[in-house]
Structures are given as structure tokens and as C-alpha cells.
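Residues: numbered from 1 along the sequence shown. Only a predicted model underlies this, so the values are computations on that prediction, with no experimental measurement involved.
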Amino acid sequence: MTDSEPPRRKILSLKSGVAAPGGPKPLERIVRPARPVVPEPPPPPPPAVGDWKCKPCGARFDPSPDLADEDSVRCPSCNARLGLASDFRSDPPNVDKLRARHLKKA
């Protein structure tokens, strides 16, 4: 280098492990902690299958045993009024008054 030339800038280091001569120390790689492995939750249980099928929407259900005889049974899916609880409990069920179909057991 001669006196007429301006001074050179220092050579910058890149993100490598080798330091440039006369330059700053190389950057250190940041080590992040490993994420903990979270086990997957078990799959949800299959939906409950009932003995009755709603005629308007086709959803399967079981009427609640807690209902009084005068209470009306409603579809859990579409909320349609399907009949009285007493009609569901009679043996055989009074299907003429119900908006639900009794499914045959396999």
C-alpha cells in the first residue's frame, strides 16, 4: 500500500466458521433448545349410535330416559319435534304418531 491510496476497510466475516484475517470474530450459531415432543391425543370415540332415526334429517339417536311421559322428544341434530316420550316407550312403539323410525337391531 502506498501513501496515496486510501486505507482499506476491514474484510467482513460471513456466517462461516472461518474468520477472515484482520476481521472480527465469526458469528456464533445460536443453538435453540429442541421442542418437547408432545404425544398426539387419542382419537375421539365414535359417535353414539342410537336405535331411532329422525325422519326429517336422518340423524340416529336414543330418546332420553329422564323425560316424563308428557314431554316431547326432540332430535339432537335438527331439533325437530319427533313425538311424546310415552309413544317412544310403549311396547311396541307407536310409530304412527312419531316422526322417527325404529331401526332393527343386527
Side-chain angles (χ1 to χ4, degrees):
M1 232 186 331
T2 62
D3 292 334
S4 61
E5 292 179 17
R8 293 186 178 192
R9 292 188 291 172
K10 291 183 177 181
I11 299 174
L12 299 176
S13 66
L14 301 176
K15 291 183 181 179
S16 67
V18 180
K25 293 181 180 178
L27 299 175
E28 294 180 15
R29 184 174 288 263
I30 298 174
V31 179
R32 294 183 181 168
R35 291 183 180 175
V37 178
V38 178
E40 290 187 24
V49 177
D51 293 337
W52 292 90
K53 185 174 183 179
C54 173
K55 286 182 182 177
C57 73
R60 296 177 75 166
F61 71 97
D62 273 330
S64 175
D66 300 336
L67 294 174
D69 287 342
E70 299 82 29
D71 291 340
S72 57
V73 175
R74 293 195 167 268
C75 175
S77 179
C78 68
N79 204 29
R81 185 177 179 277
L82 303 176
L84 295 177
S86 60
D87 294 331
F88 279 92
R89 291 189 189 120
S90 63
D91 192 27
N94 192 355
V95 291
D96 295 333
K97 293 184 177 182
L98 299 176
R99 291 181 64 199
R101 197 174 83 205
H102 188 71
L103 300 175
K104 296 177 183 175
K105 295 201 177 187

Problem - Test item: D51 side-chain N/O and H102 main-chain N/O as donor-acceptor pair under 3.5 Å - result: no

Practice task
Could you pull out the closest heavy-atom pair between K55 and L98, with the gap in Å?
Solution key: NZ-O, 4.0 Å

Handout entry: Reported CZ-to-CG distance for the pair F88 and D62, which is rounded to 0.5 angstrom
Key = 10.0 Å

Practice task
Could you note down all residue pairs passing side-chain hydrogen bond (donor to acceptor under 3.5 Å, both in side chains) where residues 31-46 supplies at least one of them, sequence neighbours left out?
Solution key: none

Practice task
For A34, check side chain to side chain contact (heavy atoms under 4.5 Å, CB included) against everything at least two apart and list the hits.
Solution key: none

Problem - Which residues share a side-chain hydrogen bond (donor to acceptor under 3.5 Å, both in side chains) with D69, sequence neighbours left out - result: R89

Handout entry: Residue pair C54 / F61: nearest heavy atoms and the distance that separates them
Key = N-CE2, 3.8 Å

Practice task
Name all pairs fulfilling the salt bridge (Lys or Arg N to Asp or Glu O under 4.0 Å) condition that reach into residues 73-88, sequence neighbours left out, sorted by first residue then second.
Solution key: none

Exercise for the section: Please report the closest heavy-atom contact between P63 and V73, naming both atoms and the distance. Expected result: CB-CG1, 4.1 Å

Fill in the blank from the handout: A80 meets the side chain to side chain contact (heavy atoms under 4.5 Å, CB included) criterion, sequence neighbours left out, with P56, C78, L82, R99

Handout entry: Sequence-distant partners of S77, side chain to side chain contact (heavy atoms under 4.5 Å, CB included), two or more places apart
Key = C57, A59, C75

